[in-house]
Amino acid sequence: MKIRTRLLLLTVLSGILSLTILSGLFWLDKQQDLLFQHIETINRIQAHTNILRSQFRVHERYRDDGSIHKAMASQTQLKTLLDKLQANPTSEKAYINSMLRLSESLESLYTRMLSTHQDDVQLTDRHKDNSHYYLMDRLDNTILSMSEDSFKLAHHALKNSRQESQKSATIMQILLISLTLIIVLSALQTSRLFRDRLKQLEMGIHKLARGELNHTIAVTHDEIGQLAQHFNQMTHKLRASTISVDQLQLEVNKRTSELVKQKETLKQLAEHDSLTGLSNRNAFMQNLKTTLKHCEDKQNSAAIFFIDLDRFKHINDSLGHSVGDAVLIEMARRFTNTLRKSDSLARIGGDEFTVIIDPIYQLDDASELAHKLITSLNAPYHYQNSTFYLHVSIGISLYPQDGQDALELMKNADAAMYQAKHAGGNRYYFYNREINKHTLELLKQESELRTALNEQQLTVYYQPQFNLTTQTLLGVEALVRWQHPTKGMITPDQFIPIAEEKGLIHQLGAQVLNTACKQVKRWQEQLGYPLSLAVNVSSKQLSEHQLNETVYQALEKTQFPASSLELEITESCLLENTEDAIGKLLSLRAQGIMIALDDFGTGYSSLSYLKRLPLNKLKIDKAFIDNIASHDEDRAICKAIIALGSTLNLSVIAEGVESDLQAEVLIHEGCEQVQGYLFGKPMPAEEFSQTYLLNSRHIECSTQ
Ligand code: C2E
Ligand code: CA
Ligand code: CA
């Protein structure tokens, strides 16, 4: 049964109990009233019987008729009372009826007594007395009986009433006790039920709080039963989710161990160069710091080598990264074999390697090791179908004299390496303050060059090229100059290498190309014939993809005819770029642009190699021209180049012609085209205009 129903029942029972008590009290009150009424009636009956008796006494003593009348009046009232009582269904009915009967006989007795009095005159005294006494006697008996009856009635009524009251009280008591018992028992039962069920719930929640999820509570059909049901559902769901928590924990453990493994791998990766397996930059720097600390404690000296492969970029760009990678691996292998176990080798960048030598006792040890490292690369490296002659530049800084911390020592070793590279590579340099000064100077120049490019400080000079046979101006070579705000005019030899090194050569090349095309286009228009324009292209430019695009854009922008443009490349360009470079040159040729091979004779081009190039012209280097008139050897070389040109169907131009004798020999050997101070130095555009354009349309070759 539901607790709500129980409580309702208890309330109803309590209500009934209260009602019973109230109605009992009310009933008792009523009983009392009835009893009082009854007693009053009996009192009045007794009063009347007393009156009857007293009137009888009066009559007995004085024979007074009035007393009979009074007695009769009282008797009539008594009868009325008794009649009234007779109508009530009381248990004293027998007494009342008997008294009624007595009252009737009394009435007849009094009636007779009155008639006896009236007959007194006729009757004899004896008779009189006899009947009188007889009547009196009867009267006395009747009144006495009536009086007795009235007492009995009173007694009986009282007794009855007491019995009735007792009976009712007993019933009431029983009723009250049983009701109270029922209420108490059901209240006890309800509270016990409440207590037990709540205890179960409490225990369940307590266990749940301790993490025992298997506990369930018995479900009953009451409100706490519903709570228990909710509780069970809750623990069920919790159990389900706990299972997934366990699975989660397992998963987390699995992932954690995976992460630990990954972390180890990452650590390995973080500290090692994946290509060569050597330590990487981070590990190296860490190692260097530890070494320096160690050296500081032990008062030792150490040497730091900064090694850079010469012209590595060209290998990478022209032959692809896989070849570059193979070269690096080979280098790492040879270096490792050369070094002692105690020397730590690292690869800190593309083609940059470092070595820490700790301890070092004398400078010669470092020199010797640097030399060994360079010669370890002497043997040619064959890879796929190519043969590589590997050269490195090494910079060496020493602890403690060249720097107190890792960064400073690295910076200085780098500066020494840079210097070694500038000196031609394949050598080692120790760091000294002069180097540092020079490096700083280079850095300064770099930033100045950037400014120069942005502020258009570069100008183009033009040097004429002539045909000696026809005595005509064929074209010009554009040669860049830097009009420095404080240092004055700077020649390209001083800044082209910096532009190449710092990645500024493309911007520079594009500026020269645009300026020159624009200028020569104007001259072409003025002259009315296609003056050719030769523009120098550095090997760096040829190795980058944007060269062709830059050329096409310049032509389009200035409307310069492609057929009048000649790009001068050097042999070194081709040595370093091969297929890729040839591809670029072919597409330039396809547009009608001419290609001249500059400084020809100084490089190492093989004849078969030359045949593959889309060339138009060979430019004999000034070095051969210088002594062409005095050295038979140089003359023979020039002769051979001229012959080669005609064999390969290439035109040949001699540059750096300074004397008439040189010009004569050249003409004699069949080289028609010339360029040199003899005919004209490189000059600004205005000067060129004034010298060659003001006079005639057809400019004759004249020596200055
Ligand atoms: P190059 O291409 O071999 O240029 C010829 C150099 O010889 C020029 O030097 C020129 O002034 C000089 N020269 C010409 N005739 C004579 C002569 O009779 N006697 C002497 N002693 N010298 C003569 P410059 O202008 O100083 O240029 C030097 C180098 O700078 C050039 O050599 C070229 O490789 C490079 N260069 C110049 N301008 C540019 C440019 O715009 N771009 C690129 N990438 N390189 C350039
Ligand atoms: Ca040139
Ligand atoms: Ca040249």
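Start at 1 and go down the list; that is how both ligands and their atoms are numbered. Being a predicted model, the structure only gives us computed values, none of them experimental.
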Go through ligand 1 atom by atom and flag the ones less than 4.0 Å from a non-hydrogen atom of [X].
| X | value |
| --- | --- |
| E655 | 3 (O), 5 (C) |
| G676 | 15 (N), 18 (O) |
| S538 | 44 (N) |
| Q541 | 44 (N) |

Backbone or side chain, does any N or O of [X] fall under 3.5 Å from an N or O of ligand 1?
| X | result |
| --- | --- |
| E477 | yes |
| Q463 | yes |
| I496 | no |

A side-chain contact here means heavy atoms from C-beta on lying under 4.5 Å apart; do [X] and [Y] qualify?
| X | Y | result |
| --- | --- | --- |
| H631 | D626 | no |
| V652 | L644 | no |
| S689 | R522 | no |
| L613 | I595 | no |

As a test of reading the structure, name the N/O/S atom of [X] that is nearest the Ca ion (ligand 3).
| X | answer |
| --- | --- |
| D599 | OD1 |
| E655 | OE2 |
| D598 | OD1 |

State the [atom1]-[atom2] distance between [X] and [Y], to the nearest 0.5 angstrom.
| X | Y | atom1 | atom2 | value |
| --- | --- | --- | --- | --- |
| D364 | L369 | CG | CG | 12.5 Å |
| L474 | S564 | CG | OG | 11.5 Å |
| L339 | R334 | CG | CZ | 14.0 Å |
| N426 | D310 | CG | CG | 6.5 Å |
| I625 | I637 | CD1 | CD1 | 10.5 Å |
| N467 | T472 | CG | OG1 | 5.0 Å |

Nearest-contact summary for [atom] - protein heavy atom, Å:
| atom | answer |
| --- | --- |
| atom 28 (C) of ligand 1 | D493 OD1, 3.4 Å |
| atom 3 (O) of ligand 1 | D599 OD1, 3.3 Å |
| atom 19 (N) of ligand 1 | E658 OE2, 2.5 Å |
| atom 12 (C) of ligand 1 | Y677 OH, 4.4 Å |
| atom 20 (C) of ligand 1 | K622 CE, 3.0 Å |
| atom 24 (P) of ligand 1 | P492 CG, 3.8 Å |
| atom 39 (C) of ligand 1 | V480 CG1, 3.7 Å |
| atom 10 (C) of ligand 1 | L479 CD1, 3.9 Å |

Have a look at ligand 1 and work out which part of [X], if any, has a heavy atom under 4.0 Å from it: side chain, backbone, both or neither.
| X | answer |
| --- | --- |
| V512 | side chain |
| T570 | neither |
| P682 | side chain |

With the threshold set strictly below 4.0 angstrom, can you tell me whether any protein non-hydrogen atom sits that near [atom]?
| atom | result |
| --- | --- |
| atom 7 (O) of ligand 1 | no |
| atom 41 (O) of ligand 1 | yes |
| atom 16 (C) of ligand 1 | yes |

Open item on the list: Please verify the inter-ring angle class for Y462 with W523; under 30° counts as parallel, over 60° as perpendicular, anything in between as tilted.
Closed with: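 Geometry flag for W523 against Y462: perpendicular rings.
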- [ ] Name the orientation class of the two ring planes belonging to F466 and Y692 (parallel below 30°, tilted from 30 to 60°, perpendicular beyond 60°).
- [x]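 F466 and Y692: tilted rings.
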Open item on the list: Could you check whether E330 pairs with R333 (Lys NZ or Arg NE/NH1/NH2 to Asp/Glu carboxylate O, under 4.0 Å)?
Closed with: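 Looking at E330 and R333, the cut-off is met.
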Close approach of [X] to ligand 1, heavy atoms, under 4.0 angstrom:
| X | result |
| --- | --- |
| G509 | no |
| R481 | yes |
| Q675 | no |
| K619 | no |

Task: Closest to atom 43 (C) of ligand 1 among I625, V535, N536 (heavy-atom distance) - done: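 Among I625, V535, N536, the closest heavy atom to atom 43 (C) of ligand 1 belongs to N536.
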Task: Passing candidate, side-chain hydrogen bond (donor to acceptor under 3.5 Å, both in side chains) with Q465, options Q675, Q673, E477 - done: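 So the option named by the test is Q675.
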Open item on the list: Pair E448, H484 - check side chain to side chain donor-acceptor pair (under 3.5 Å), show working.
Closed with: CA-CA 9 Å; E448 283 181 348; H484 194 279; 2.9 Å; yes
Task: Geometry at the Ca ion (ligand 2) - E568 OE1 versus N536 OD1 angle, rounded to 10 degrees - done: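 About 90°, to the nearest ten degrees.
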Task: E477, N/O/S atom nearest the Ca ion (ligand 2) - done: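 E477's closest N, O or S atom to the Ca ion (ligand 2) is named OE2.
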Open item on the list: So if I apply the salt bridge (charged side-chain N to carboxylate O under 4.0 Å, His left out) rule between K617 and each of E566, E672, E568, E655, which one comes out positive?
Closed with: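 When salt bridge (charged side-chain N to carboxylate O under 4.0 Å, His left out) is applied between K617 and each of E566, E672, E568, E655, only E566 qualifies.
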Open item on the list: Tell me if a side-chain donor or acceptor on S659 pairs with a main-chain N or O of L678 at a distance below 3.5 Å.
Closed with: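 Side chain of S659 to backbone of L678: no pair is present.
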Open item on the list: For the residue pair K421 and Y418, would you count it as a cation-pi contact if the rule is NZ or CZ under 6.0 angstrom from the ring centre and within 45 degrees of the ring axis?
Closed with: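 Judged by the rule (NZ or CZ under 6.0 Å from the ring centre, within 45° of its axis), K421 is not positioned above Y418.
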